[in-house]
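Take a look at the structure below.
Counting starts at 1 for both ligands and their atoms, in listed order. For this chain, numbers begin at 1 and follow the sequence in order.
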Amino acid sequence: MKKDLLSEYDLDRADYEYIIEKAHRLKRLHREGREHASLKGKTLGMIFDKSSTRTRISFEVGMYQLGGIALFLSNRDTQLGRGEIIADSARIMSRYLNGIMIRTFSQDSVEEFARHATIPVINGLTDLLHPCQLLSDLFTITEKRGGYEGLKIAYVGDGNNMANSWINAAAKLPFYLDLACPEGYDPDPAILKRGIAEAPAGVVLRRDPVEAVRDADVVYTDVWVSMGQEVEREERMKRFGGYQVNRALLNHSKKDVIVMHCLPAHRGEEIAAEVIDGPRSVVIDEAENRLHVQKAIMEILM
Ligand code: CP
Ligand code: NVA
């Protein structure tokens with residue numbers, strides 16, 4: 001694996017397997033209450049330019065459980081938030097910390113930070129990608145379905161950071177990815193083009209959600225208004241009608257389909273309450289798994 005985790009596209013199949021395997025082991029140790037303090041004395045910095053519940057708590061708690069500590073660095077309090085340049089911040093933080101997680105807007109900023117940092121940099125979500133979430137989702141699918149090979153995964157809704165991350169994973173791993181997004185809300189064109197060209201099983205983008213979820217093993221959705229897009233809310237509510245994951249849509253999937261969502265969710269928008277709170281939903285396990293997967297990532301990189 002590389003020094004940093006900036007994009008799923010930097011991982012090959014062996015890396016995915018390694019992370020998932022390690023997460024299984026760490027989850028077992030955690031459940032059995034057994035010692036697994038592999039990062040004693042180490043420190044993770046966590047830069048947040050956007051809100052977070054799961055990412056912050058799972059990294060912070062995960063670091064504590066591994067024997068280290070994590071520092072929450074909000075852009076409201078650091079000099080980075082007042083305009084200190086990324087290069088200086090990265091070089092200086094590298095002298096104090098053993099790893100850094102960044103949640104921000106631009107993917108370029110995270111990549112610039114990583115270029116100047118001598119410590120591992122982990123992408124905790126950008127407008128473009130959300131690799132830690134994607135890895136937890138694959139881990140969850142592996143737990144629920146014994147693996148991902150040959151499965152059909154349908155992504156319904158906005159062609160956002162989660163959609164892009166799914167395409168990057170499908171470019172490397174043998175599952176079928178079928179996306180349905182309304183016109184004008186497609187995933188990143190370069191990521192999509194590369195994913196379609198390189199996917200070992202296949203990537204398809206279409207407009208019709210019924211076709212996307214037909215015989216799917218997994219149906220995945222995410223919010224229609226991501227962080228930073230709040231001004232587009234009204235327009236998006238109009239454009240995404242028909243893309244809700246609800247009972248009627250799931251009638252076209254496999255009987256034992258599992259429903260996933262990275263959360264936070266908006267019941268009645270991208271997903272019906274009876275679905276996200278119903279028996280096919282695995283969202284709470286999926287959220288728990290952020291902890292185990294993040295610990296695996298930190299153990300490997302730090
Ligand atoms: N799914 C996810 O990243 O959640 P948070 O925004 O709460 O971290
Ligand atoms: N697409 C969402 C994911 C949140 C975890 C956002 O970027 O706000």
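The side-chain heavy atoms of Thr140 and Met260, taken from C-beta on, include a pair separated by under 4.5 Å. Looking at Tyr220 and Val156, their side chains never come closer than 4.5 Å, going by heavy atoms from C-beta outward.
Scanning the protein for heavy atoms near atom 2 (C) of ligand 1, the closest one is Arg290 NH1, 3.3 Å. The protein heavy atom nearest to atom 3 (C) of ligand 2 is Asp222 OD2, 3.6 Å. Summary of contacts: the protein heavy atom closest to atom 4 (O) of ligand 1 is Arg54 NE, 2.8 Å. Of the protein's non-hydrogen atoms, Met227 N, 2.8 Å is the one closest to atom 8 (O) of ligand 2.
Partner His261 forms a side chain to side chain donor-acceptor pair (under 3.5 Å) with one of Glu286, Glu270, His266 and no other, that one being Glu270. Between Leu135 and the choices Asn289, Ile19, Asp15, the side-chain contact (heavy atoms from CB on, under 4.5 Å) rule is met once, by Ile19. Of the candidates Lys295, Glu299, Gln65, Glu299 is the only one forming a side chain to side chain donor-acceptor pair (under 3.5 Å) with Ser38.
Within the listing of ligand 1, atoms 5 (P), 7 (O), 8 (O) sit less than 4.0 angstrom from a heavy atom of Thr53. Counting atoms of ligand 1 from 1 in the listed order, those under 4.0 Å from a heavy atom of His130 are 2 (C), 3 (O). Near Asn161, meaning under 4.0 Å from any of its heavy atoms, are these atoms of ligand 2: 1 (N), 2 (C), 6 (C), 7 (O). Shown in contact with Leu263 at under 4.0 Å from a heavy atom are these atoms of ligand 2, numbered in order with element: 5 (C). If you number the atoms of ligand 2 from 1 as listed, the ones under 4.0 Å from a heavy atom of Leu125 come out as 3 (C), 4 (C), 5 (C), 7 (O).
By the 3.5 Å distance cut-off applied to N or O atoms, Cys262 is counted among the residues near ligand 1. By the 3.5 Å distance cut-off applied to N or O atoms, Ser226 is counted among the residues near ligand 2. On a distance-only criterion, Gln133 and ligand 1 share at least one N/O pair closer than 3.5 Å.
Using a 4.0 angstrom heavy-atom cutoff, Leu263 counts as in contact with ligand 1. In this structure, Arg103 has a heavy atom closer than 4.0 Å to ligand 1.
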Exercise for review: Given ring-ring contact (aromatic ring centres under 6.0 Å, His included), test Tyr185 with Tyr243 step by step and report yes or no.
Suggested key: CA-CA 12 Å; Tyr185 296 91; Tyr243 286 82; 9.3 Å; no
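Note: the hydrophobic cluster containing Val245 also contains Val213 (ILVMFWY, side chain heavy atoms under 4.5 Å, direct or indirect links). Leu151 and Trp166 fall within a single hydrophobic cluster, where Ile, Leu, Val, Met, Phe, Trp and Tyr side chains are chained together by heavy-atom contacts under 4.5 Å.
For the pair Lys172 and Tyr16, the cation does not sit on the ring face, since its NZ or CZ is not both under 6.0 Å from the ring centre and inside 45° of the axis.
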